[in-house]
Amino acid sequence: MSIYDTLNEQQREAVYHTEGPLLILAGAGSGKTRVLTHRIAYLIEEKGVNPWNILAITFTNKAAGEMRERVDNLVGFGSESIWVSTFHSTCVRILRRHIDRLGYDTNFTIYDTDDQKTLMRDICKYLQIDTKIYRERNLLAAISAAKNEMISPKEFRLRAEGDFSRQKIATVYEEYEKQMQANNALDFDDLLVKAVQLLKTQPDVLDYYQERFRYIMVDEYQDTNNVQFQFVSTLAAKYRNLCVVGDDDQSIYKFRGADIRNILNFENVFEDARVIKLEQNYRSTSTILDAANAVIRNNRGRKDKTLWTDNGQGEKIEFRQFDTGFDEAEYIVGDIRGHVDSGDCSYNDNAILYRTNAQSRLFEEKLVSANIPYKLVGGVNFYARREIKDLLAYLKTIDNGRDDLAVRRIINVPKRGIGLTSVNRVQEYALQREISFYEAVLGADLIPGIGRGLSRLESFAALIEHFKEEAGRMSILELLEDIIETTGYIEELKTEGEIEAEARIENIDELKNKAADYEEGCHERGETPTLGGFLEEVALVADIDSLDEDSDYVVLMTLHSAKGLEFPHVYLAGMEDGLFPSYMTVTSDNPEELEEERRLCYVGITRAMKQLTLTCARRRMVRGETQYNKMSRFLKEIPMELLSTGMKFEKEEKEEETPRQSSWQQAKQAFHTKAFSSPRPVQQFKVAGGNGPGYDVGDRVRHVKFGEGLVTAIVEGGRDYEVTVEFDKAGTKKMFAAFAKLQKI
DNA sequence: CTCCGGTGCCTTTTT
DNA sequence: GGCACCGGAG
């Protein structure tokens, strides 16, 4: 019996089809990773393909790691020479060898989102852009979108002809690229863009990699964007052995430039492509699957497929509605506690999924007080924390003095009396001389008007030079420890005396561990650890990578992060219109946005293996304000007979979708519904709990001094209500109801 | 130069 | 509710 006998017919077909383009449409839980790993094994063992000639691309390090492990178990010999890695690290690996051809240094640094923002702020200041009109995030989004379409600053400028605002963005884009190059830095998009550029302009490089990667496999293909498509198709152009696996129903990264057409049009681009559908699901009960199918059926523009399973029906899907998000969290945590205590499952069988990161806090609080171990995925990335970024900026400065951003970040951290004035002088001088910021610091004595700052700059330069010299003979861990020691970084944290200091110090210890891990890993693989290598690894980790299936904790994360994972028991929290689907998509006039949310819902449901629990709350605190939400429209798409609502909720409530409540609340609900469909909706309907102040959003009121006006918001604030009124004459005022004494007209 | 307090904006999702 | 930016005082 061979390892391939355990596959079903379609899976086996996909494994055996090794030559030419292949599209595997793999529904959720249909065993696509199994197919990929077995396919790799088959290529090597049955087709005699050299492992060296195989490239497998995933989106996250975690997925890459898992695939690597499974391939290792399947393939006896030579599996280590298969490239299994993410898009980004694949590109980095190529760029580290050849990017000098594009005018960059091979020890370029990688900018994360924070770095990009900092740079953009500087650029806006320098170009005197009014960031009230052109927001940094929008500028960055425009640049990212351009890069995803491989549009250069030059071309962007051409296309902006006659459009003032686009012209302005073009100017920013040009400057951004200029500075990135000057800093010898690449952002995430650049990694792909430059790699494609390299392949397209350097025939010998292209030839090398085309010869090398004769068999290419891409996972999660539905989430690829244009550059990624270019990258893959360019590499595969010669041998055409391109196998892509994906599920159009799980495409949830449009906001990041993912183009669902990559998968929908695969057969058109590669005319001889073979298409295989995997529709048998091995993960979930039929109840869960039926619910998922029922929801996704409401989307148009998808490849038709219906998942089926011969797993049993299993338990019904639990649905609960609560008064508040607080109650919701309490129920879920209590439910987990109950299941674990009764021995039904362990903590790591449970995942709590939600739409937005902000929702995690309530669960965290309840989990802590219930003494349940949990792992929070997402939110503030470890490497985005201030103390970590500071120390990494030291390492970056030591490794690549051309990264101005890093140097500027640490030049006065810990404080050494180098203020804004000195920094600006250095900056100006560097700009004039067209040298890097750090080079200017090195020659600080030549800077006009530097005055008192000189000695401080000199000692900073001496410090960095000292570290540079040490970096040559020390391990990364030792270097890190010396930086902390010599600069007095931790002392500085302590004197700040915040409660946070302790947590920050813990984080620093964690960073030291990561450095040690990295060096150990290198030694195991027989590689030499380098500072650049460490920085690169650190730049490309995603939070999800740290998830460990073997640790016994409850997992908390967004629906986006959950893609590709599975859990015996899934809690899908916050199933409310305005939250999920999000307010943005509910009010948008582009129905595609709602479809993406629905796919997200589909992803969420199909994460569950045995038991799915859906919850929502009638009111919830959002940004410190109470918000009232109806239950999610996606809930209504799930057939009633699949749901168990506990004893509290009756059938007609579900159909009416208005739970029993006071007539006052019902009136709110009615208004709320209207608000969503009105052409200019009132910003998120807000009301105070309890009895209300006697008037409501949308009412006309009279004030003794300001005259008549329209109530635009009522916010519960402690014992009183904060009322916002747009007065006809006096403008918009915020006031407390108890003092304002507003009369309803 | 640094510290502190006030203001505004934010949140959809992330390699 | 919280973070980041700005302006003013010491």
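The shown structure was predicted, so the numbers you read here are calculated from the model rather than taken from an experiment. Below, chains carry the letters A, B, ... as their sequence lines are ordered, and counting in each starts from 1.
Applying the 5.5 angstrom centroid cut-off and the 30 degree plane-angle cut-off, the aromatic ring of A:Phe255 is stacked upon the base of B:dT13.
The phosphate of B:dC3 has OP1 or OP2 within less than 4.0 Å of a side-chain N or O from A:Lys415. The side chain of A:Thr558 contributes an N or O atom lying less than 4.0 Å from OP1 or OP2 of B:dT14.
Using a 4.0 Å heavy-atom distance criterion, A:Asn357 is classed as a sugar-phosphate-only contact. Within the nucleic acid shown, A:Arg121 comes within 4.0 Å of sugar-phosphate atoms alone, with no base atom in reach, counting heavy atoms only. Nucleic acid contact class of A:Arg456 (heavy atoms, under 4.0 Å, all strands): none. Counting any heavy atom pair closer than 4.0 Å across all strands shown, A:Thr86 reaches no nucleic acid atom. If you check every strand for non-hydrogen atoms under 4.0 Å, A:Asn412 touches sugar and phosphate atoms only. Across all strands shown, A:Leu540 has no heavy atoms under 4.0 Å from either base or sugar-phosphate atoms. A:Glu596 comes within 4.0 angstrom of no nucleic acid atom, judged by non-hydrogen atoms across all strands. Within the nucleic acid shown, A:Leu191 has no heavy atom closer than 4.0 Å to any nucleic acid atom.
Spacing between atom CG of A:Leu559 and atom P of B:dT11 amounts to 19 Å, rounded to whole angstrom units. Rounded to whole angstrom, the span from the CD atom of A:Gln222 across to the P atom of B:dT15 amounts to 15 Å. Atom P of nucleotide B:dT14 and atom CG of A:Asn225 are separated by 17 Å, given to the nearest angstrom. Taking atom CZ of A:Phe59 as the reference point, atom P of B:dT15 lies 11 Å away to the nearest angstrom. A:Lys117 places its NZ atom 8 Å from the P atom of B:dT11, with the value rounded to the nearest Å. At whole-Å resolution of the value, NZ in A:Lys125 and C1' in C:dC5 are 9 Å apart. Whole-Å rounding puts the A:Arg386 CZ to C:dA4 P distance at 10 Å. Note: CD1 (A:Ile411) to P (B:dC1) measures 11 Å, nearest angstrom.
Which of B:dC10, B:dC1, B:dT15 sits closest to the side chain of A:Arg135 comes down to B:dC10. Checked against B:dC1, B:dC3, B:dT13, the side chain of A:Thr421 finds its nearest nucleotide in B:dC1. Of the candidate nucleotides B:dT2, B:dT15, B:dT12, B:dT12 has the atom lying nearest to any side-chain atom of A:Met584.
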I would like to know whether A:Asn507 and A:Glu387 meet side chain to side chain donor-acceptor pair (under 3.5 Å); could you show each step before the answer? CA-CA 8 Å; A:Asn507 288 334; A:Glu387 61 280 11; 2.7 Å; yes
The test is side-chain contact (heavy atoms from CB on, under 4.5 Å); show your working for A:Arg409 and A:Lys396 and say whether it passes. CA-CA 11 Å; A:Arg409 182 181 181 102; A:Lys396 278 187 184 175; over 6 Å; no
Please report, to 0.1 Å, the donor-acceptor pairs under 3.5 Å made by any side chain of residues 187-197 of chain A, with sequence neighbours excluded.
from     : atom 1 : to       : atom 2 : distance (Å)
A:Asp187 : OD1    : A:Asp189 : N      : 3.1
A:Asp187 : OD1    : A:Asp190 : N      : 2.7
A:Asp187 : OD2    : A:Gln116 : NE2    : 3.3
A:Asp187 : OD2    : A:Lys147 : NZ     : 2.8
A:Asp187 : OD2    : A:Tyr176 : OH     : 2.8
A:Asp189 : OD2    : A:Ser144 : OG     : 2.8
A:Asp190 : OD1    : A:Lys147 : NZ     : 2.8
A:Asp190 : OD2    : A:Lys147 : NZ     : 3.2
A:Asp190 : OD2    : A:Asp187 : N      : 3.1

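A residue-by-residue look at A:Ala358 and A:Ser422 shows that A:Ser422 has its nearest nucleotide of DNA chain B further toward the 5' end. For the pair A:Gly417 and A:Ser582, nearest-nucleotide mapping onto DNA chain B gives the more 5' position to A:Gly417.
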Given Watson-Crick or G-U pairs with both distances under 3.5 Å, what dot-bracket string fits DNA chain C, with | for other-strand pairs and [ ] for crossing? .|||||||||
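To the nearest 0.5 angstrom, A:Ile418 atom CD1 is 6.5 Å from A:Phe460 atom CZ. Separating the CD1 atom in A:Ile352 from the OG1 atom in A:Thr615 is a distance of 9.0 Å, to the nearest 0.5 Å.
Partner A:Glu576 forms a side-chain hydrogen bond (donor to acceptor under 3.5 Å, both in side chains) with one of A:Gln627, A:Lys630, A:Arg355, A:Arg620 and no other, that one being A:Arg620.
Contact of A:His560 with B:dT14 (side chain to base): no donor-acceptor pair of N or O atoms is detected under 3.5 Å.
Rounded to whole Å, the separation between the P atoms of C:dA4 and B:dT13 comes to 15 Å.
Between A:Phe363 and A:Tyr354, the ring-plane angle classifies as parallel under the 30° and 60° cut-offs.
The pair A:Lys254-A:Asp259 fails the salt-bridge criterion, with no side-chain N (NZ, NE, NH1 or NH2) lying under 4.0 Å from an Asp/Glu carboxylate O.
Cation-pi geometry between A:Lys514 and A:Phe382 is satisfied (NZ or CZ under 6.0 Å from the ring centre, within 45° of the ring normal).
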